[in-house]
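Scroll down for the structure; my scribbles are underneath it.
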There are 2 protein chains.
Amino acid sequence: MISQASFRTHPSPLESGLHLDGKRMTPQRKKVLSLFEEIGSGIHLSAEEVHSKLTSTGDKVSLATIYRTLRLLVKMTFLNELDLSEGGNRFELLSHDHPDHHHLICIRCGRTEEFENNEVINAGEVAAKNFGFKLLESSLNVRALCPICINK
Amino acid sequence: MISQASFRTHPSPLESGLHLDGKRMTPQRKKVLSLFEEIGSGIHLSAEEVHSKLTSTGDKVSLATIYRTLRLLVKMTFLNELDLSEGGNRFELLSHDHPDHHHLICIRCGRTEEFENNEVINAGEVAAKNFGFKLLESSLNVRALCPICINK
DNA sequence: AGCGTATTGAGAACTGCTTGCAACTTGTAA
DNA sequence: TTACAAGTTGCAAGCAGTTCTCAATACGCT
Ligand SMILES: [Mn+2]
Ligand SMILES: [Mn+2]
Ligand SMILES: [Zn+2]
Ligand SMILES: [Zn+2]
């Protein structure tokens, strides 16, 4: 006879992170993070987009919960929040081999490309140090027109 | 006898720029630009702040007109618009000896410092070129805590 | 299984900003 | 000067994105 109790699955990083803090694992939280994990890094989704991707597969999650969950996942450092200043803010999986990248945005069609640059990271550190500030985060946004949008 | 018609004052850059384009000079437009000119460069005001500074001196300007005027002055390159991503957007006088600077923002109290860095400008140009984009503008925002806000 | 507390959904509320429209200015041409 | 077409303003309504309120529900510890 097989014991049911013997199947105690390993808690995910999400679940253990939540429990450390008196917070709870919920299907909604799992679905939001899974969406980002399945879609991979380098994709920048708005709250609305997360919502419609989840509800289009039959799941029911309210938009308010999406916003709450995104905020939580950012605080837990699973996600990164971007202010690309066209429409609402966007969220991406925080990948640890790709941590401090910057964004090139086509202001016409929204196409977004990523790039890394150590001089930029350094410039932020130097500026903070010179003024005695404690650096939290620095981001370079390059607003531009993509090849397709240039001649239109 | 002194002729009244002989006093034709030189049109300001604002006035001539407007007239080139079939637009008109109005007291509201003059007041908004004058406010920025009097206050000097390096100051970053929100639309609400512009509005309350103007109305506090007895002038009557509607907030809608402030927004419309700020947009116009940005298009005419008298002002620069900043998205420092705390609260609303901010505006500053576009000074020609200080054109491409970046911002260090205390996310607690809003204190904002400016700095220049050519590597950053260059990074934006290189990124745009590499992807075949036409660069419009690039801005580095450094989010941090100022000395006063660090230990609180 | 039971219970205290965290979380959710639904909608109201809020913030920053834009727009429609009628009344009012402005620049220009007689 | 005056007349007038076209640009501008103020007000209020509208809008997009996000947060909040609160009753109902789900989680997870014992
Ligand atoms: Mn990215
Ligand atoms: Mn500045
Ligand atoms: Zn494009
Ligand atoms: Zn501060």
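Only this structure's heavy atoms are used, side chains among them; waters, hydrogens and symmetry mates stay out. Here is how names work: the chains are called A, B, and so on, in the same order as the sequence lines, proteins then strands, and each is numbered from 1.
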Distance check needed: [N] [atom2] versus [X] [atom1], whole Å only.
{"X": "B:L20", "N": "C:dT28", "atom1": "CG", "atom2": "P", "answer": "11 Å"}
{"X": "A:R24", "N": "C:dA6", "atom1": "CZ", "atom2": "P", "answer": "6 Å"}
{"X": "B:E86", "N": "D:dG17", "atom1": "CD", "atom2": "C1'", "answer": "16 Å"}
{"X": "A:K30", "N": "D:dG28", "atom1": "NZ", "atom2": "P", "answer": "12 Å"}
{"X": "A:L54", "N": "C:dG9", "atom1": "CG", "atom2": "C1'", "answer": "15 Å"}
{"X": "A:K60", "N": "D:dT25", "atom1": "NZ", "atom2": "C1'", "answer": "17 Å"}
{"X": "B:L45", "N": "C:dG16", "atom1": "CG", "atom2": "C1'", "answer": "16 Å"}
{"X": "B:L18", "N": "D:dT8", "atom1": "CG", "atom2": "P", "answer": "7 Å"}

[X] side-chain proximity, nearest of [options]:
{"X": "A:V61", "options": "C:dG9, C:dG27, C:dC17", "value": "C:dG9"}
{"X": "A:L63", "options": "C:dT19, D:dT18, D:dT8", "value": "D:dT18"}
{"X": "B:A64", "options": "C:dT19, D:dT18, D:dT9", "value": "C:dT19"}
{"X": "A:H19", "options": "D:dC11, D:dG7, D:dC29", "value": "D:dC29"}
{"X": "B:M25", "options": "D:dC29, C:dG27, D:dT9", "value": "C:dG27"}
{"X": "A:R71", "options": "D:dC20, D:dT8, D:dT9", "value": "D:dC20"}

Ignoring hydrogens and angles, tell me if any N or O in the side chain of A:H51 forms a donor-acceptor pair with the backbone of A:S62 under 3.5 Å.
no
Between B:N141 (side chain) and B:D83 (backbone), is there a donor-acceptor pair under 3.5 Å?
yes
Can you list the steps and then say if A:D100 with A:V120 is a side chain to side chain contact (heavy atoms under 4.5 Å, CB included)?
CA-CA 10 Å; A:D100 264 320; A:V120 174; over 6 Å; no
In B:E49, B:R90, B:E114, the residue satisfying side chain to side chain donor-acceptor pair (under 3.5 Å) with B:H44 is B:E114
5' precedence on DNA chain C between B:R68 and A:T26 (nearest-nucleotide basis)
A:T26
On DNA chain C, nearest-nucleotide positions of A:G22 versus B:K23: which is more 5'?
A:G22
Output yes when at least one side-chain N/O atom of B:T65 is less than 4.0 Å from OP1 or OP2 of D:dG10, else no.
yes
Are any of A:Y67's side-chain N or O atoms less than 4.0 Å away from OP1 or OP2 of D:dT19?
no
With a non-hydrogen cut-off below 4.0 angstrom, is A:R29 in contact with a base, only sugar-phosphate, or nothing?
sugar-phosphate
Taking any heavy-atom pair under 4.0 Å as a contact, classify B:Q28: base, sugar-phosphate, or nothing.
sugar-phosphate
Can you see whether A:E116 engages A:H101 through a side-chain donor-acceptor pair at a distance of less than 3.5 angstrom?
no
